[in-house]
Each structure stands twice: as structure tokens, then as C-alpha cells.
**Student:** 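Once you've had a glance at the structure underneath, I'll fire off some questions.
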Amino acid sequence: MVQEHGWSALKSGELLRVASLEFDVFLMADRNLQYQQNIPKFGIGVVVLALRDSRLPSLESKLADIETALQTVEAGAVIRIMG
């Protein structure tokens, strides 16, 4: 999505700001973003995939957790999915 929207060059804070204008939830694999940014000020829910790797088998094993997180995360909150 980041590349499709032309947001690849944006820094973390600006990325969250522009994403919050179009989306309610931001799904990401950047484990440190929540510690580098004040997530509540952006008004967007963040789901962090804190997985050992991002290959398909790892993602598939967490699909139920990802779906639940996407449906329940509230604006300004962060849900981490570990694995």
C-alpha cells in the first residue's frame, strides 16, 4: 500500500499522518515505530506484525490474530502480533 500510494519516501511520522487521512488502521512490520512516534496524536490504529519473519507460512499462521486485531484496534492504540 505504501508504494501504491506513492508514500515510500515518507518518514514514519508523515507516513502515519497521511495514512490517517484515508485509513482507520495501519498494518506494519516496523517493530520500533510505536516507540519512535506518539501514535495517539495521529488518530489511527496501528497493528504491528512482530513476527520472526514475514514469509507466507509465518503470516498464514497468524491470519486469525491479524483479522481480530484489524477489527478491534482503536484509534491511537497499538496491537502487537508476536510470533
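All values derive from a computational prediction rather than experimental measurement. Note that these values count all heavy atoms, side chains included, but never hydrogens, waters or copies made by symmetry.
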**Student:** Measure the spacing between CZ of R55 and CD of E60 and express it to the nearest 0.5 Å.
**Tutor:**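 Between atom CZ of R55 and atom CD of E60 there are 12.5 Å.
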**Student:** Could you walk me through whether D24 and I44 pass side chain to side chain contact (heavy atoms under 4.5 Å, CB included), step by step?
**Tutor:** CA-CA 5 Å; D24 296 323; I44 190 170; 5.8 Å; no
**Student:** Any side-chain heavy atom of V48 within less than 4.5 Å of one from L33?
**Tutor:**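 V48 does not reach L33 side chain to side chain.
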**Student:** Report whether V78 and L27 are members of the same hydrophobic cluster (ILVMFWY, side-chain heavy atoms less than 4.5 Å apart, transitive linking).
**Tutor:**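 V78 does not cluster with L27.
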**Student:** Are side-chain heavy atoms of L16 and V46 found at a separation under 4.5 Å?
**Tutor:**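 Yes, at least one pair of side-chain atoms sits under 4.5 Å.
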**Student:** Should the heavy atoms of other residues, nucleotides or ligands under 6.0 Å from CD of Q3 be counted, would the total exceed 12?
**Tutor:**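 Counting neighbours around CD of Q3, 12 or fewer heavy atoms of other residues, nucleotides or ligands fall under 6.0 Å, so no.
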**Student:** I need the full list of ring-ring contact (aromatic ring centres under 6.0 Å, His included) pairs touching residues 55-83, with sequence neighbours left out, sorted by first then second residue.
**Tutor:**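 Qualifying pairs, neighbours excluded: none.
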**Student:** Please name all residues satisfying salt bridge (Lys or Arg N to Asp or Glu O under 4.0 Å) with E14, sequence neighbours left out, ordered by chain then number.
**Tutor:**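 Salt bridge (Lys or Arg N to Asp or Glu O under 4.0 Å) list for E14, sorted by chain: R17.
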**Student:** What pairs meet the ring-ring contact (aromatic ring centres under 6.0 Å, His included) rule with one or both residues in residues 10-45, with sequence neighbours excluded?
**Tutor:**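 Pairs touching residues 10-45 that pass the test: H5-F23.
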**Student:** What I'd like to find out is whether the side chain of D65 reaches to under 4.5 Å of the side chain of L63, using heavy atoms alone.
**Tutor:**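 No; the side chains remain at least 4.5 Å from each other.
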**Student:** Quick check: closest heavy atoms across S12 and D30, and the distance to 0.1 Å?
**Tutor:**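 What the structure gives for the nearest pair is OG-OD2, 4.4 Å.
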**Student:** For a 4.5 angstrom cut-off between non-hydrogen side-chain atoms, does I66 reach I81?
**Tutor:**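 Result yes, sub-4.5 Å side-chain heavy-atom pair found.
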**Student:** Is there a donor-acceptor pair closer than 3.5 Å between any side-chain N or O of S58 and the backbone N or O of S54?
**Tutor:**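 Checking the backbone N and O of S54 against the side chain of S58, no donor-acceptor pair under 3.5 Å is found.
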**Student:** Take atom CD of Q36 as the centre, draw a 6.0 Å sphere, and report whether it contains more than 12 heavy atoms from other residues, nucleotides or ligands.
**Tutor:**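 Yes, the 6.0 Å shell around CD holds more than 12 heavy atoms from other groups.
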**Student:** Same hydrophobic cluster for L15 and M28, using side-chain heavy-atom links shorter than 4.5 Å among ILVMFWY?
**Tutor:**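 As far as the 4.5 Å side-chain criterion goes, M28 and L15 are connected within one cluster.
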**Student:** Compare all side-chain heavy atoms of K62 with those of L49 and state whether any distance is below 4.5 angstrom.
**Tutor:**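 No, their side chains stay 4.5 Å or more apart.
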